[in-house]
S.K.: 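Okay, handing you the structure first.
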Amino acid sequence: MSDTPLLTIAERPASPPSARDFRSDQEVRWCPGCGDYAILAAVQGFLPELGLRRENIVFVSGIGCSSRFPYYLDTYGMHSIHGRAPAIATGLAVSRPDLSVWVVTGDGDALSIGGNHLIHALRRNVNLKILLFNNRIYGLTKGQYSPTSETGKITKSTPEGSLDHPFNPVSLALGAEAGFVARTLDSDRKHLTSVLRAAAAHEGTALVEIYQNCNIFNDGAFERLKAPGTRDEHVLRLEHGAPMRYGPAGVRTVVRDPGGGLRPGAADDAAVVHDAHTSDPVPAFALSRLPEAGGPTPIGVFRSVRRPTYDGAVAEQGRRVRAARGPGSVADLLGGGDTWTVPAPFGSEAR
Amino acid sequence: MSDTPLLTIAERPASPPSARDFRSDQEVRWCPGCGDYAILAAVQGFLPELGLRRENIVFVSGIGCSSRFPYYLDTYGMHSIHGRAPAIATGLAVSRPDLSVWVVTGDGDALSIGGNHLIHALRRNVNLKILLFNNRIYGLTKGQYSPTSETGKITKSTPEGSLDHPFNPVSLALGAEAGFVARTLDSDRKHLTSVLRAAAAHEGTALVEIYQNCNIFNDGAFERLKAPGTRDEHVLRLEHGAPMRYGPAGVRTVVRDPGGGLRPGAADDAAVVHDAHTSDPVPAFALSRLPEAGGPTPIGVFRSVRRPTYDGAVAEQGRRVRAARGPGSVADLLGGGDTWTVPAPFGSEAR
Amino acid sequence: MSQRVTSVSRVVIRFAGDSGDGMQLVGDRFTAQSTLFGNDVSTFPDFPAEIRAPGGTLPGVSAFQIQFADHSVSTPGDAADVLVAMNPAALRANLGGLPRGADVIVDTDEFTGRNLVKAGYPAGVSPLADGSLAGYRVHAVALTALTVGALRSFDLPRRDAERGRNMFALGLLSWMYHRPTEATVAFLREKFARRPELAAANVAAFTAGWNYGETTESFGGGYRVASAPREPGRYRTITGNRALAYGLIAAADRAGLPLFLGSYPITPASDILHELSRQRHFGVTTFQAEDEIAGIGAALGASFGGSLGVTTTSGPGLALKSETIGLAVSLELPLVIVDVQRGGPSTGLPTKTEQSDLLQALYGRNGESPVPVLAASSPGDCFGAAVEAVRIAVTYRTPVVLLSDGYLANGSEPWRVPEVDELPVIAPAFATGPNAVDADGTPCFQPYLRDPDTLARPWAVPGTPGLEHRVGGLEKADRTGEISYDAANHDHMVRTRRAKVDRIARGLPPLVVDDPGGRAEVLVLGWGSTAGPIAAACTEVRAAGGAVARAHLRHLDPFPADLGELLGRYRRVLVPEMNLGQLAGLLRARYPVDVESLTQVRGMPFKVAELRTAIEKVAADV
Amino acid sequence: MSQRVTSVSRVVIRFAGDSGDGMQLVGDRFTAQSTLFGNDVSTFPDFPAEIRAPGGTLPGVSAFQIQFADHSVSTPGDAADVLVAMNPAALRANLGGLPRGADVIVDTDEFTGRNLVKAGYPAGVSPLADGSLAGYRVHAVALTALTVGALRSFDLPRRDAERGRNMFALGLLSWMYHRPTEATVAFLREKFARRPELAAANVAAFTAGWNYGETTESFGGGYRVASAPREPGRYRTITGNRALAYGLIAAADRAGLPLFLGSYPITPASDILHELSRQRHFGVTTFQAEDEIAGIGAALGASFGGSLGVTTTSGPGLALKSETIGLAVSLELPLVIVDVQRGGPSTGLPTKTEQSDLLQALYGRNGESPVPVLAASSPGDCFGAAVEAVRIAVTYRTPVVLLSDGYLANGSEPWRVPEVDELPVIAPAFATGPNAVDADGTPCFQPYLRDPDTLARPWAVPGTPGLEHRVGGLEKADRTGEISYDAANHDHMVRTRRAKVDRIARGLPPLVVDDPGGRAEVLVLGWGSTAGPIAAACTEVRAAGGAVARAHLRHLDPFPADLGELLGRYRRVLVPEMNLGQLAGLLRARYPVDVESLTQVRGMPFKVAELRTAIEKVAADV
Ligand SMILES: Cc1ncc(C[n+]2csc(CCOP(=O)(O)OP(=O)(O)O)c2C)c(N)n1
Ligand SMILES: Cc1ncc(C[n+]2csc(CCOP(=O)(O)OP(=O)(O)O)c2C)c(N)n1
Ligand code: SF4
Ligand code: SF4
Ligand SMILES: [Mg+2]
Ligand SMILES: [Mg+2]
């Protein structure tokens with residue numbers, strides 16, 4: 001049963017739905033100015049591209065400001081509990097490979113309480129698209145630091161400054177065997193859309209880190225990467241096959257360190273060419289550490305490598321077993337093993 | 001209070017304790033032939049080197065065969081619950097920086113249920129020595145596959161073969177910002193001891209993956225790395241500052257790939273020199289992927305880099321605040337803020 | 001202008017506006033002014049789960065209710081005498097419970113067509129114009145325009161100037177009720193110490209509001225609420241979360257233990273984490289963990305190391321901690337688990353109050369896993385309840401669950417500051433040497449040898465020479481603590497852990513019964529935050545000539561030793577709860593008394609009037 | 001040699017040896033042989049938490065007890081008539097409960113000085129020689145040497161040959177009780193199909209044991225236990241875990257739903273995961289998750305997608321799942337949560353049995369979070385209980401907790417194989433179109449519009465056009481399911497969720513009372529796995545002339561509708577439980593009946609004799 005969809009899935013619509021069709025009737029309840037609005041608009045704008053009918057798309061989220069996302073999309077959706085969306089979505093995606101399953105999560109939801117489910121989803125390579133809204137703060141609980149907050153951050157729970165070293169979500173994902181990892185910005189709709197497109201096209205778990213501004217509790221966290229005056233200096237836009245150049249008019253280069261890592265090079269150095277598709281995760285990992293080496297912050301697709309998906313393998317195994325053993329018969333199952341029969345007493349009614 | 005130890009810690013003993021002194025009176029209850037015995041002997045043999053008295057050492061474990069470890073050591077110990085040892089040990093280490101705190105865990109305990117606590121401990125860099133007994137199986141629950149089991153493994157819970165892609169614990173740790181990561185073998189007491197020594201000397205979280213044979217449910221999992229006929233071909237023994245050579249008589253080399261990763265080289269290639277102390281985690285990460293590139297399995301210290309410890313930072317912040325504000329006065333705290341006084345009626349007893 | 005000042009004995013004001021309008025700040029300041037003046041007060045902040053929902057909408061309305069009086073009050077009041085509505089949504093959201101005759105102060109500048117539509121009023125109709133407010137005393141004030149006008153001399157962007165209207169409103173209400181203003185002026189100067197121009201602007205808006213009241217005719221001469229008589233002592237206003245944090249600090253200090261908090265933020269408990277984070281100089285360490293399980297795990301690790309381990313959370317977090325609480329039961333180490341309850345099940349109503357975690361606190365673990373459970377009954381009582389939780393945890397070597405709730409957490413009341421030496425002495429009495437002898441006569445340490453009185457086991461912390469031992473979650477042999485699968489030993493240990501919790505009852509004071517006439521045949525028994533409404537309702541019943549006794553439980557497990565006897569004394573026992581009758585069920589299971597359950601699960605405290613009606617009905621029928 | 005065959009009506013054998021000695025296998029085979037022969041049987045495997053503790057030690061002893069009889073038996077027997085002890089430790093560990101007069105068969109080859117010391121006997125003293133076994137019928141057999149001798153012709157290393165001694169012992173006991181041997185021979189040939197020489201060696205050892213009995217004098221002519229009368233039908237022996245897995249598969253099949261199991265291994269529940277993993281061709285998907293939370297999370301996700309989501313665990317795992325169960329309560333989706341209880345608290349006694357998770361199952365969640373709770377009463381009944389759990393989950397759109405325990409999980413009994421069409425029809429009745437109309441008359445879908453009969457909400461699965469909707473853990477508005485913070489709505493929803501669970505009682509059959517005489521004044525009421533011992537004890541009481549009625553609860557929430565009336569009919573009600581009286585407390589809270597609680601928390605089932613004594617004491621005093 002598990003590999004036959006439950007209901008006949010309607011054909012792709014003749015005239016694809018528009019962004020409007022993906023807007024639910026619920027009032028959007030984020031703070032005015034929150035970066036989540038821009039992401040919502042971008043996602044609503046992108047979804048028609050999937051070429052799927054609304055009923056075949058599901059958004060699952062955890063808890064946090066960002067996790068309100070599913071309410072605002074007219075697809076199937078679940079606003080679950082804190083940190084558990086990847087686990088819930090795994091069950092859904094494995095049991096319903098015919099659906100397009102998306103996870104929306106925050107830096108606290110995904111990396112603090114939900115860290116384990118995230119890394120296991122990545123390792124298994126379940127066919128999920130995970131959008132991680134990273135605002136480097138806990139928004140919904142009114143401003144505590146998160147696992148991506150910079151050390152020394154003064155927040156409600158760290159009035160003397162936080163002491164934890166933050167996660168680098170891209171490094172963490174790569175360490176967890178991720179096949180697809182990308183990063184983008186809430187405010188750059190075009191880039192965000194291109195990354196969503198790449199993630200959707202990827203078979204398996206795709207993690208998309210979206211730098212998102214929380215204008216109430218952590219305003220301007222990514223300003224350097226957005227402001228016209230500074231962004232060229234601080235952002236490296238990744239493109240598969242292109243040399244890694246950045247800076248005003250692309251005057252700066254990224255070069256390889258003898259140790260294997262990356263660092264900023266001189267203008268006339270030969271820039272390393274970005275290869276998102278190499279099976280070796282080392283180049284992508286090196287990219288994730290570039291800012292630490294004094295380099296720019298890469299955005300775009302770090303890694304996009306196909307390996308078998310978990311849900312695909314489950315379905316395939318199910319088919320194989322069924323082909324070998326035939327569909328199960330409950331009567332045979334119950335009556336299997338060593339059985340014996342107590343006959344009805346002579347003359348009694350047969351049943 | 002938090003930065004003054006509770007009790008006066010006894011001085012280092014004049015005559016250091018011996019391995020015997022660390023043996024508890026409890027009967028060891030692993031299966032005969034289990035790799036855990038060798039690890040226990042090595043740890044008991046090593047502990048005297050710490051130069052600490054028994055009472056200043058604590059072993060905290062989770063649940064699993066391996067997690068019975070603390071019972072067999074005559075130190076303070078806690079056999080806690082499944083997966084939570086790093087969290088419990090964090091509280092202990094942060095509140096008692098005077099103690100030497102060790103965590104013993106299994107591949108299921110640390111990487112399945114406890115994955116989140118492990119990566120957070122590594123990120124924070126709490127002063128813990130974490131010994132991860134990796135037998136690539138759930139021993140205590142009688143043989144289900146674990147997050148380090150190879151894909152396709154046939155176990156009780158995967159009679160048709162497992163479908164998950166395994167974690168590489170070293171890669172995962174490095175993605176989680178680990179400052180110290182090493183790997184060793186249960187059966188190589190000398191190497192195991194040397195790695196314990198390095199871990200103990202490291203300030204901060206040290207993760208030591210120990211390949212451990214479960215002769216009941218996953219016998220011979222690491223045989224290739226142990227058998228005299230194959231081990232030279234399959235093991236790369238890491239030494240800081242030494243070129244990476246392996247194979248019979250060290251005829252094989254490890255060389256750097258243009259993409260930054262590592263791969264086996266030709267005999268006359270210049271072998272890459274191992275640098276465990278570089279601040280860039282990329283070289284260690286590349287090492288962790290070497291077997292995937294057709295290379296040998298590295299054992300030894302992948303990475304050993306100092307960064308501020310969490311417990312140290314907590315203590316330091318406590319001192320700083322106390323220096324600035326003085327020790328807290330409960331009377332002042334309670335009577336702070338806007339207060340007003342209702343006078344005792346005229347003539348009444350003063351209190 | 002000399003007008004007549006009306007004297008009243010109590011007033012309820014409800015400030016309501018957008019989440020961004022600063023209503024909580026206005027409420028806090030009005031509260032401080034009232035307590036400094038000498039009234040008794042009780043407050044209730046009531047805000048949405050969203051951080052800042054879109055302006056002008058119903059879900060975005062944030063309110064603050066305060067009752068202040070010339071006598072003792074124990075609730076923020078059932079219904080407001082005065083509603084301050086900063087916009088149409090605030091008016092619409094709060095009109096429901098407002099009794100006719102109430103004063104309604106609105107900011108007319110906000111009653112634009114667009115805002116009316118946002119608030120869900122039919123297009124083109126304003127409640128200010130359609131007669132729907134007939135019966136109320138409506139004061140239509142152009143708060144925004146008046147504020148902007150008052151701040152003209154400041155060089156502020158218009159939006160910033162407009163923001164001052166909350167201070168204008170505060171000034172107006174302060175004038176109406178003759179509140180002292182010095183503290184607020186001082187507060188504003190301190191809050192904006194780094195931006196003196198903002199401080200001055202806020203003070204100017206505040207003063208303008210005051211002057212507006214003074215100069216307009218529409219408010220008459222204002223009202224006077226005399227100060228309330230009180231026990232002598234030093235007082236302050238305190239919220240439940242702050243009182244709870246202070247209680248933990250004070251108790252740890254009394255015990256001479258460093259306090260270690262392992263916590264994960266969650267509404268409405270987070271402020272305890274925030275408060276404790278600010279007290280590092282007390283030897284307090286706060287650890288914001290990766291999740292609730294790590295929070296309690298770290299706290300338990302710290303307890304093992306000789307700290308006072310504490311973890312704070314709300315219902316969903318308590319659910320996650322349940323396995324680790326079971327470990328703490330097995331380890332028999334001190335640990336304080338604070339659950340600030342909110343509306344459930346699941347994520348439920350995160351910013352609303354409820355008492356529905358009682359059974360979870362008692363039973364939410366595998367196996368027979370007894371844990372003492374206490375509950376605080378008022379914001380100020382959170383202090384004493386926390387001290388008591390620490391006392392029990394340390395004395396009996398046990399995890400303790402302390403229940404608060406969203407209403408206590410954020411509500412506030414005047415609180416008499418205790419002297420430090422009024423607090424109980426708490427003795428950790430760490431083990432320092434052997435407590436037994438081996439079979440062969442050698443002195444040894446038995447980590448599960450119990451104190452015959454308390455049944456507590458010794459607390460031997462790492463670093464103590466000679467007491468090295470191992471503890472764990474597997475069943476332990478009596479005395480030695482070694483792993484034991486023995487059948488009789490298990491039965492013994494299960495019963496002993498239960499008996500240890502039961503022992504706590506021996507050390508509890510007798511229940512206090514409030515029955516002024518001494519002739520009541522009906523008992524109202526409550527627990528937790530229903531104390532205020534129940535007390536107020538009983539007072540009203542008695543004022544109307546009825547007889548009713550009242551008692552309140554702080555200890556839910558074990559029950560006080562005299563509870564059974566007390567229950568037996570009354571013909572009828574009524575148990576009001578903000579759940580479906582959890583305590584009532586426990587009482588019926590335990591005592592041969594047919595208690596009657598009065599339940600309400602509305603995310604907010606009982607109304608006094610409802611309780612009064614219910615009590616009178618029961619009292620009429622004995 | 002013709003010797004006299006003794007006829008007996010029932011026998012209890014206890015096989016005991018090292019964890020590595022294969023005692024569980026011997027027990028399983030003896031069970032199969034006995035059921036094929038036609039006896040009624042009840043079995044109880046009893047093994048340590050360690051995988052394989054060091055050979056020869058007390059903690060390493062693994063035992064298997066079986067009672068077989070010519071009449072219906074419902075327990076594995078209080079005490080053994082025959083103890084097979086493969087080494088000194090096995091003898092020492094099991095002698096305690098052994099009544100004088102019992103047969104004791106020991107492997108003398110194992111009674112070496114070293115082994116005696118390992119087992120804790122004083123040096124130099126063998127229980128075989130010191131007279132301590134006086135009163136037992138000791139059969140000292142050189143099992144090892146005889147086995148090795150019998151296998152001489154096989155080219156086996158000595159260690160492997162020695163391992164055949166369990167088969168030798170099985171052969172000997174099979175001869176003693178005239179068991180049919182064909183099935184065991186066939187079993188061995190299949191088990192070692194790939195290594196025919198091992199199959200032959202095992203068969204040879206088994207045969208040698210049989211022949212040893214036949215040729216030696218010391219066992220007389222053996223015993224005959226006639227077959228037990230039974231309802232006609234096809235039978236098999238089944239363990240509780242397997243029956244439970246089969247029940248889930250059969251019910252999912254009846255419902256036409258794919259079964260999705262999300263689980264994390266834990267003793268004693270893991271075998272359900274193992275069993276279901278082998279049934280992929282039934283459309284079963286098993287997902288070994290990273291932890292218990294992910295296990296239930298994935299199951300809930302699958303339920304959202306239209307599968308039958310199931311999760312299996314034991315007590316500590318249930319604790320971890322509690323937050324997610326709360327979400328399932330809020331989402332109102334079908335979900336089956338199986339808790340195979342073990343000794344607690346905390347890690348407790350992982351391989352022992354207990355009934356101490358009842359209150360956790362009922363209350364271990366934040367908020368008012370009602371979940372139907374059922375319990376299975378015998379290994380075979382795990383099948384029916386699982387079917388019932390699925391029926392309730394699907395019909396009422398609710399998570400259901402199904403309680404089993406370690407004793408049921410591993411114990412076995414003959415089970416009549418049901419015909420598929422005897423099973424209830426379960427109708428998922430997915431929503432396929434709009435169920436309401438908008439304010440403006442447009443058809444729409446309201447995900448929380450309830451069936452007036454069951455109060456169940458519609459189950460609309462992704463992929464269904466036009467029914468797109470969002471669900472979540474925040475409180476939902478009645479009917480529409482939109483987020484709602486409204487006070488009255490919350491109260492309504494809280495009560496409705498409770499009412500929905502209460503509705504289940506309407507569809508339950510009346511309780512079955514077992515009171516052959518119809519004149520009993522004492523009722524013994526049980527739940528879960530105490531059914532067998534209680535039934536046996538009541539039978540004994542009646543055989544001795546006493547009158548006692550017996551009823552057993554499968555449904556713990558809601559209680560059957562006629563329970564209150566039933567309880568009221570008896571002068572005294574005794575409730576035996578393997579906990580500290582959890583059901584008893586619930587009954588007292590609910591009904592005006594002073595039930596008496598009989599508790600035992602020893603990690604193993606009640607002894608029939610103890611229960612009988614307790615019942616007789618109560619019955620004597622009515
Ligand atoms: C079990 C549980 N623990 C804690 C919370 C409280 N909580 C809600 S959201 C959140 C963190 C939100 O941060 P993030 O995931 O970064 O989302 P954001 O609000 O920033 O979008 C927390 C701690 C909860 N709802 N449930
Ligand atoms: C909460 C909880 N879930 C599950 C278990 C059951 N369990 C005990 S140990 C274990 C896994 C053991 O594997 P590993 O950590 O690799 O240790 P090993 O036995 O192999 O040394 C499991 C699933 C448990 N005790 N507690
Ligand atoms: S608090 Fe921050 S993240 Fe949350 S809605 Fe407001 S701006 Fe956005
Ligand atoms: S099961 Fe495996 S890991 Fe566990 S004690 Fe036995 S050999 Fe060791
Ligand atoms: Mg965030
Ligand atoms: Mg393992």
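These numbers come from a predicted model, not from an experiment. In what follows, every chain begins at residue 1, and chains take the letters A, B, ... in the order their sequences are listed.
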S.K.: Sequence neighbours excluded, which residues qualify as ring-ring contact (aromatic ring centres under 6.0 Å, His included) partners of D:His469?
M.R.: A:Tyr76, D:Phe445
S.K.: Say you draw a straight line from CZ of A:Arg325 to NE2 of D:His281; how long is it, rounded to the nearest 0.5 Å?
M.R.: 4.0 Å
S.K.: Should A:Asp338 and D:Thr237 be marked as a side-chain contact (heavy atoms from CB on, under 4.5 Å) after you check the CA-CA gap, both sets of side-chain angles, and the distance that decides it?
M.R.: CA-CA 8 Å; A:Asp338 291 343; D:Thr237 312; over 6 Å; no
S.K.: A:Gly336, A:Pro327, A:Ala331: which one forms the most heavy-atom pairs within less than 4.5 Å of chain D?
M.R.: A:Gly336
S.K.: Using side-chain contact (heavy atoms from CB on, under 4.5 Å), reason through A:Arg84 and D:Leu300 one step at a time and then give a plain yes or no.
M.R.: CA-CA 11 Å; A:Arg84 314 304 171 188; D:Leu300 184 59; over 6 Å; no
S.K.: Is there a side-chain contact between D:Pro232 and A:Pro343, using heavy atoms and a 4.5 Å cut-off?
M.R.: no
S.K.: Check whether A:Phe59 gets within reach of chain D through its side chain, its backbone, both or neither, counting any heavy atom under 4.5 Å.
M.R.: neither
S.K.: Under 3.5 Å, side chain of D:Arg234 to main-chain N/O of A:Val342, donor-acceptor pair present?
M.R.: no
S.K.: Taking all heavy atoms of D:Arg236 and all of A:Trp340, pick out the closest pair and write down the distance.
M.R.: CA-CZ3, 3.6 Å
S.K.: What residue among A:Val58, A:Ile57, A:Asn56 forms side chain to side chain contact (heavy atoms under 4.5 Å, CB included) with D:Pro462?
M.R.: A:Val58
S.K.: Top residue by heavy-atom pair count (under 4.5 Å) with chain D, among A:Ile81, A:Asn116, A:Ile119?
M.R.: A:Ile81
S.K.: A:Arg123 versus chain D, heavy atoms under 4.5 Å apart: side chain, backbone, both or neither?
M.R.: neither
S.K.: Side chain from CB out, backbone as N, CA, C, O: work out which of these in D:Ser330 comes under 4.5 Å of a heavy atom of chain A, or both, or neither.
M.R.: neither
S.K.: Checking heavy atoms, do the side chain of A:Gln317, its backbone, both or neither come under 4.5 Å from chain D?
M.R.: both
S.K.: Got A:Ser80 and D:Leu327 here, is their nearest side-chain heavy-atom distance under 4.5 Å?
M.R.: yes
S.K.: Are D:Phe260 and A:Leu92 side-chain neighbours, meaning at least one heavy-atom pair lies under 4.5 Å?
M.R.: no
S.K.: How long is the gap from CD1 on D:Ile483 to CZ on A:Arg68, to the nearest 0.5 Å?
M.R.: 4.5 Å
S.K.: Hey, could you give me the CD1/CZ distance between A:Ile88 and D:Phe304, rounded to the nearest 0.5 Å?
M.R.: 10.0 Å
S.K.: Report the C-alpha distance between A:Thr339 and D:Tyr235 in whole Å, list the side-chain angles of each, state the deciding distance to 0.1 Å, and finish with yes or no for side-chain contact (heavy atoms from CB on, under 4.5 Å).
M.R.: CA-CA 5 Å; A:Thr339 63; D:Tyr235 285 84; over 6 Å; no
S.K.: Is chain A contacted by the side chain of D:Phe187, its backbone, both, or neither, given a heavy-atom distance below 4.5 Å?
M.R.: neither
S.K.: By a 4.5 Å heavy-atom criterion (distance strictly below it), what part of D:Pro414 contacts chain A: side chain, backbone, both, or neither?
M.R.: both
S.K.: Where on A:Arg54 is there a heavy atom nearer than 4.5 Å to chain D: the side chain, the backbone, both, or neither?
M.R.: both
S.K.: Between D:Glu468 and A:Arg53 (salt bridge meaning N to carboxylate O under 4.0 Å), is one present in this structure?
M.R.: no
S.K.: Tell me, side chain or backbone of A:Ser329 under 4.5 Å from chain D's heavy atoms, or both, or neither?
M.R.: backbone
S.K.: Considering only heavy atoms, which portion of D:Val471 lies under 4.5 Å from any heavy atom of chain A: side chain, backbone, both, or neither?
M.R.: both
S.K.: Say you draw a straight line from CZ of D:Arg416 to CG of A:Leu334; how long is it, rounded to the nearest 0.5 Å?
M.R.: 11.0 Å
S.K.: Quick one: does any side-chain atom of D:Arg470 pair with a main-chain N or O of A:Thr75 as donor and acceptor, under 3.5 Å?
M.R.: yes
S.K.: Determine the minimum heavy-atom distance between A:Val330 and D:Ala250, stating which atoms define it.
M.R.: CG1-CB, 3.8 Å
S.K.: Can you tell me which portion of A:Ala89 sits under 4.5 Å from chain D's heavy atoms? Options are side chain, backbone, both or neither.
M.R.: neither
S.K.: Okay, side chain of D:Arg280, backbone of A:Val321: is any donor-acceptor separation there less than 3.5 Å?
M.R.: no
S.K.: When only heavy atoms count and the cut-off is under 4.5 Å, which of residues 104-115 of chain A reach chain D?
M.R.: none
S.K.: Take A:Met78 and D:Leu331 through the side-chain contact (heavy atoms from CB on, under 4.5 Å) test and state the conclusion after the steps.
M.R.: CA-CA 9 Å; A:Met78 188 195 294; D:Leu331 299 188; 3.7 Å; yes
S.K.: Which one wins on heavy-atom pair count under 4.5 Å against chain D: A:Leu333, A:Asp74, A:Thr341?
M.R.: A:Leu333
S.K.: What distance separates A:Ile63 CD1 from D:Leu474 CG, expressed to the nearest 0.5 Å?
M.R.: 6.0 Å
S.K.: With a 3.5 Å distance limit and no angle check, can you tell me whether A:Arg96 reaches the backbone of D:Ala302 through a side-chain donor-acceptor pair?
M.R.: no
